[in-house]
> 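Below you'll find the structure I mean.
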Amino acid sequence: MSTLTRISGSFSHPDDAATTKTELSALQNAEGDPHLVVLEPEDNPQNISLFRRWLAVLIISSASLCVTLIALQAAFTEQGSAQTFHVSHEVTILGISLYVSGLGMGPLLVGPLSEVYGRNVVYRVSYALFFILTFPVVFAPNIAVFLVFRFITGFCGSTFLSVAGGSVSDMFPNSSIANPMAVYTISPFIGPVVGPLISGYYLYWEWTYRVQLCWIFAELLILVIFIPETYAPVILKKKAKRLRESTGDPKFYAPLDRRENTLVSAVLVSCYKPFQLLLFDRMALLLDSWNALVLGILYLAFQAYPIIFEDNHGFDMQTTGLAFAGIGLGMLLAISTQPLWNRGVPFSLMLYARETAKYNGDPPPEMRLIMGQVGAILVPVGLFWLAFTTYPQVHWIAPIIASVPFGSGIYFVFTSTFTYLVTAYRPIAASAMASNSALRSAFAAAFPLFAGAMYDRLGTVGATALLAGLATIMAPLPFIFYRIGARLRKNSRFAAH
């Protein structure tokens, strides 16, 4: 394999985009090609000022928050939209399911597009379409138009659930990526919690989407103004183009100019590789199923909370929205512990230090699952606590307090799994995240559809305890993979060894 081929191959996944000048220069010297454009210090996105990098992270995270907040705000517009469009409540629930389905399918397309055209073009085009195509949702003449464009807007907004993670990894080296990745990771999960907190206070259900339209427009403006291009191969491609124009020498080129794969083939690979991973890799399948179950339970909660708090405790729509504050508080408490995890929390400090020394400062991916072990315990504990405090005679504050450990567990589960998948499946990191996203979104789209029937049949205690039992069955996974993950990776044809 030629040196040039190795350069091109190193950029085949977003997570590997931030290549240093030293690496590129060494490869250029090995190739001996003076026309191969390299990444200079002033071009490297990791050399952008810390303030600008963190500003970009916060803007990207707020865009992700906006996209996911819209998903569950629809839960508090179902009654109004059912009356306006003269349909049943079950039909309006499709507004959530179709939007989440779009969020799951979108990464299969936007991932490879970002590897050809860069992060910025994909961000701007997708968010512009997200803004424009939200108008038919806001002013839908009938339920068919409303539901179709809910799916399309979910598809357009999905960019910030896939490509955005690559932007964060572009701007920060491995030694300092934990904190910005934690901020980005929490944004798509706290969005569904914030949505019900505010959407219950609009006088008319249409204003939920009208206010959201204003937010989308504001996000689009700041994305265009403040977010730099961070994908190194595209930076090099633009630099090569400038050199060709300024020198008149057409021989200058970047690795992306010599890419062998076409865009169509990249899209096809992106579409089938995630499903291939789910079918033939047990570790990926089980971890993705665990994530999917947890997210499905979270989305089901938005149908269950009105039953628990309105039927059992006499809450109105506004105060039911406030009941989600417990989940949000749990997530915020969990992310506040991130500095401890960066250093190794007390009970794992000696283990982490030992493994780090053993592997010369680069511990195996399984170390990331220690955080997931905490989450695996907190999720079922919170759900069982919630289940047995839903009786009408129990004070309403008890189930809200019970949702705090559930929210913390959600953060720990997803942060650990996302980091593990990216490091354990580094050669196909983009596909590993796409498979996770697709399965998660499938569960999140399906669970709200049967929430009402399940709670009517089993009651609030039985239905919530059933979910807690399912979470308990999956809880051993991070403990098992922590012990045998290295062996499974060695035998896997997808994982890094």
> Is S336 reaching over with its side chain to a backbone N or O of L333, donor-acceptor style, under 3.5 angstrom?
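Yes; judged by distance alone, with no hydrogens or angles, the pair exists.
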> What closest approach, in Å, do S61 and S187 show between heavy atoms, and which atom pair accounts for it?
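In terms of heavy atoms, the two residues are closest at O-CB, 3.3 Å.
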> Rounded to the nearest 0.5 Å, how far does CD1 of I377 lie from OG1 of T472?
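Spacing of OG1 (T472) from CD1 (I377) equals 10.5 Å.
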> With side-chain contact (heavy atoms from CB on, under 4.5 Å) as the test, would you mind laying out the steps for I152 and L129 before giving the verdict?
CA-CA 9 Å; I152 295 173; L129 291 174; over 6 Å; no
> How would you list all residue pairs meeting side chain to side chain donor-acceptor pair (under 3.5 Å) that involve residues 121-140, not counting sequence neighbours?
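Listed once each, the pairs are Y123-S167, S126-T159.
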> What verdict does the side-chain contact (heavy atoms from CB on, under 4.5 Å) test give for Q338 and Y411, after you've listed the backbone C-alpha separation in whole Å, the side-chain angles of each residue and the deciding distance to 0.1 Å?
CA-CA 11 Å; Q338 188 63 43; Y411 172 81; 2.8 Å; yes
> So which atom in L133 and which in C156 form the shortest heavy-atom distance, rounded to 0.1 Å?
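L133 and C156 have their closest heavy atoms at CD1-SG, 4.0 Å.
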> Give the C-alpha distance, both sets of side-chain angles, the deciding distance and a yes or no for side-chain contact (heavy atoms from CB on, under 4.5 Å) between F146 and T92.
CA-CA 9 Å; F146 176 81; T92 60; over 6 Å; no
> To check you understand the geometry: which heavy-atom pair defines the closest contact between F85 and P141, and what is its length?
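That closest heavy-atom pairing would be CE2-C, 4.2 Å.
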> Got a second to check how far L94's CG is from L147's CG, nearest 0.5 Å?
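One finds 6.0 Å between CG of L94 and CG of L147.
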> A side-chain contact here means heavy atoms from C-beta on lying under 4.5 Å apart; do R489 and Y425 qualify?
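Result no, sub-4.5 Å side-chain heavy-atom pair not found.
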> Say you draw a straight line from OG of S101 to CD1 of I96; how long is it, rounded to the nearest 0.5 Å?
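S101 atom OG to I96 atom CD1 measures 11.5 Å (nearest 0.5 Å).
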> Indicate the atoms forming the closest heavy-atom contact of L286 with L477, along with that distance.
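Closest approach of L286 to L477: O-CD1, 3.5 Å.
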> Please give me the minimum heavy-atom distance between L421 and D288, naming the atom from each residue.
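Taking L421 first and D288 second, the nearest heavy atoms are CD1-OD1, 3.6 Å.
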> Do F315 and L322 have side chains that get closer than 4.5 Å, going by heavy atoms?
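No, too far: nothing below the 4.5 Å cut-off.
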> Can you sort out the partners of F217 under ring-ring contact (aromatic ring centres under 6.0 Å, His included), two or more places apart, ordered by chain and number?
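Result, ring-ring contact (aromatic ring centres under 6.0 Å, His included) vs F217: F131.
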> For M454, look at atom CE and say whether over 12 heavy atoms of other residues, nucleotides or ligands are found less than 6.0 Å away.
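Yes.
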> Of all the heavy-atom pairs spanning L39 and P45, show the shortest one and how long it is.
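Smallest heavy-atom distance, with atoms named: CD2-CD, 4.5 Å.
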> Mind checking what makes salt bridge (charged side-chain N to carboxylate O under 4.0 Å, His left out) contact with K237, not counting sequence neighbours?
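Checked K237 against salt bridge (charged side-chain N to carboxylate O under 4.0 Å, His left out); zero matches.
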> Report the distance from atom CG of L279 to atom CG of L285, rounding to the nearest 0.5 Å.
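Here the rounded value is 8.0 Å.
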> Give me the one residue out of I473, V413, L439 that meets side-chain contact (heavy atoms from CB on, under 4.5 Å) with W290.
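Of the listed options, the one satisfying the test is V413.
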> Rounded to the nearest 0.5 Å, what's the gap from CZ on F494 to CE on M283? Could you check?
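Here the interatomic distance stands at 11.5 Å.
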> Taking the side chain as everything from C-beta on, heavy atoms only, tell me whether W54 gets closer than 4.5 Å to N179.
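Yes - at least one pair of side-chain heavy atoms lies under 4.5 Å apart.
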> Find out whether L332 and I190 are in side-chain contact, i.e. whether some heavy atom of one side chain is under 4.5 Å from a heavy atom of the other.
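Side chain of L332 against side chain of I190, heavy atoms only: contact under 4.5 Å found.
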> Taking the side chain from R368 and the backbone from T419, do they hold a donor-acceptor pair closer than 3.5 Å?
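Looks like no, no N/O pair under 3.5 Å.
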> Give a yes or no on whether the backbone of Y231 and the side-chain of R119 come within a donor-acceptor separation of less than 3.5 Å.
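Not confirmed, R119 side chain does not pair with Y231 backbone.
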> Are any non-hydrogen side-chain atoms of T319 and F309 less than 4.5 angstrom apart?
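No, every pair of side-chain atoms sits at 4.5 Å or beyond.
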> Would the number of heavy atoms belonging to other residues, nucleotides or ligands and lying under 6.0 Å from CZ of R210 be above 12?
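It does: R210 CZ has more than 12 such atoms within range.
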> When rounded to the nearest 0.5 angstrom, what distance separates CE in M474 from CG in N291?
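So the CE of M474 and the CG of N291 are separated by 9.0 Å.
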> Checking side-chain contact (heavy atoms from CB on, under 4.5 Å) for the pair R440/V100: CA distance, chi angles, key distance, verdict?
CA-CA 9 Å; R440 279 189 293 119; V100 176; over 6 Å; no
> Strictly distance-based, threshold 3.5 Å: is any side-chain N or O of T153 a donor or acceptor partner for the main-chain N or O of R150?
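Yes, because the side chain of T153 sits within donor-acceptor range (under 3.5 Å) of the backbone of R150.
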> Is a side-chain donor or acceptor of S158 paired with a backbone partner of F155 at a separation under 3.5 angstrom?
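Answer holds: yes.
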> Is the shortest heavy-atom distance from the side chain of E219 to the side chain of S62 under 4.5 Å?
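When only atoms from C-beta onward are counted, S62 and E219 do touch, with a gap below 4.5 Å.
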> Is S416 reaching over with its side chain to a backbone N or O of L369, donor-acceptor style, under 3.5 angstrom?
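Answer holds: no.
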> Ring centres of F447 and F450 under 6.0 Å apart?
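Under 6.0 Å, so yes.
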> Given side chains that start at C-beta, do those of L378 and F412 come closer than 4.5 Å, heavy atoms only?
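SC-SC contact between L378 and F412 confirmed.
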> Is it the case that the side chains of E310 and Y305 hold a donor-acceptor pair, with the cut-off being a distance below 3.5 Å and no angle test?
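Distance-only check fails for Y305 and E310.
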> Can you find a pair of side-chain heavy atoms, one from T464 and one from Y455, that are under 4.5 Å apart?
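Counting from C-beta outward, T464 and Y455 do come under 4.5 Å.
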